[in-house]
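As the structure lists them, so they are numbered: ligands from 1, and atoms in each ligand from 1. Here, residue 1 is the first one in the sequence, and each next residue gets the next number.
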Amino acid sequence: MQFPEYRPRRLRRTEALRRMIRETVLRPDDMILPLFAIGGRKVRNPIASMPGHYQLSTDLVADLAAEAWDAGIPAVILFGLPESKDARGTAAYKDDGIVQRAVAAVKAKVPDITVITDVCLCQYTDHGHCGIVDNGQIANDPTLELLAKVALSHAKAGADMVAPSDMMDGRVAAIRYALDESGFSDVPIMAYAAKYCSAFYGPFRQAADSAPQFGDRRTYQMDPANILEALREVELDISEGADIIMVKPALAYLDVICRVRERFDLPLAAYNVSGEYSMIKAGAQLGWLDETRVMMESLTAIKRAGADMILTYFAIEAARALQG
Ligand code: PBG
């Protein structure tokens, strides 16, 4: 063989050349910061499994949303830790519930930031499942009514977007219908469309106190082995009215992100979940990984796979790293 005429290294020689041929560029605009709201004032409980993250009272949620906004992050997604739990998760749809108060606090302090709310019951049910339990089973259709109530109460509180994460069948349609009927036809739905039953959610369940008290979520979240089913799930959510579709988790599912991107043209979100965050933090604490570089490489990979936006606990750190 002749010595190659094409030498890829020619365009890697200097940083300026590398910048010129870079295919994927991460921006603060690509990121959404998840926050955990709890009752009280000036409360800041560290989350042991997620160093750098806290359960925050609504005043501090608003402060951190302001920090994120100042770092160039366009959106936060709010999770709530309610004062009390019951079998039907009624605290999830109270007018003065924790997420409803957090939405109001953020909108009052940072009116222009996009406030997304996670719509689910698992943080609010005493059994920790994402739906109503009937005879040891998670009942799909009776749950839809409650999810619609939750989404509607978030919209009434001022949420700019709702994000159902429960994986019940038909919930996007149920929520769309409820929002439209009550005058919230311009509130978009970000559907956790292909959400897998993943052990990478472990640290989150400690953060949100939402671990199931019996069994697991395999009867509603997807089997990690499946990808064709993910495409069907996404198609279904689009047909029901989803405005943004999501794949979750992200890093072990880059193939799913890529396939969904090829097949569908809706804006695509990927959730860089708690376990993905905690592994990097742990590796860095042990001195085994360069945290900033692994963080940026992971986020860039998620975007390269095809995600338009990334829900990530690294949002502020990454935005600051981008600003140099
Ligand atoms: C609630 C919900 C979960 C996550 C987001 N929304 C947990 C779960 O499904 O058990 C996980 C987020 C993360 O791990 O960062 N249903």
To the nearest 0.5 Å, atom CZ of R320 lies from atom CD1 of I73 at 9.0 Å
For ligand 1, which atoms have a heavy atom of R205 less than 4.0 angstrom away?
-> 8 (C), 10 (O)
Is the shortest distance from a Lys or Arg side-chain nitrogen in R88 or E145 to a carboxylate oxygen in the other one below 4.0 Å?
-> no
Are R18 and E15 ion-paired here, with the side-chain N under 4.0 Å from a carboxylate O?
-> yes
Measure S165 to ligand 1 on non-hydrogen atoms and call it side chain, backbone, both or neither using the 4.0 Å cut-off.
-> both
Qualifying side-chain hydrogen bond (donor to acceptor under 3.5 Å, both in side chains) pairs with a residue from residues 92-111, counting only residues at least two apart or across chains = D63-K109, E83-R101, Q100-S153, K107-D160
Taking only heavy atoms of C122, which atoms of ligand 1 are found under 4.0 Å from at least one of them?
-> 1 (C), 16 (N)
Of all protein heavy atoms, the one nearest atom 14 (O) of ligand 1 is S274 OG, 2.7 Å
Establish whether V294 and L286 are linked, either directly or via other cluster members, by ILVMFWY side-chain heavy-atom contacts under 4.5 Å.
-> no
Looking at atom 5 (C) of ligand 1, what's its closest protein heavy atom, distance included?
-> K248 NZ, 2.6 Å
Restricting to heavy atoms, the pick from F79, Y220, Y196, F204 nearest atom 13 (C) of ligand 1 would be F204
Proximal ligand 1 atoms for Y271, defined as those under 4.0 Å from one of its heavy atoms = 12 (C), 15 (O)
Quick one: does D166 get a heavy atom under 4.0 Å from ligand 1?
-> no
Looking at atom 15 (O) of ligand 1, what's its closest protein heavy atom, distance included?
-> Y313 OH, 2.6 Å
Ligand 1 contact on Y277 by region, counting heavy-atom pairs under 4.0 Å | neither
What protein heavy atom sits nearest atom 9 (O) of ligand 1, and how far away is it?
-> K195 NZ, 2.6 Å
For the residue pair M190 and M309, establish whether any side-chain heavy-atom pair is separated by less than 4.5 Å.
-> yes
Atoms of ligand 1 close to V273 [distance to a heavy atom under 4.0 angstrom, numbered from 1] = 13 (C), 14 (O), 15 (O)
Do I257 and L268 have side-chain heavy atoms sitting under 4.5 Å apart?
-> yes
Salt-bridge present (R261, D308; N to O < 4.0 Å) = yes
Test: K195 cationic atom under 6.0 Å from Y201 six-membered ring centre, within 45° of axis | yes
Check whether any heavy atom of Q221 sits under 4.0 Å from an atom of ligand 1.
-> yes
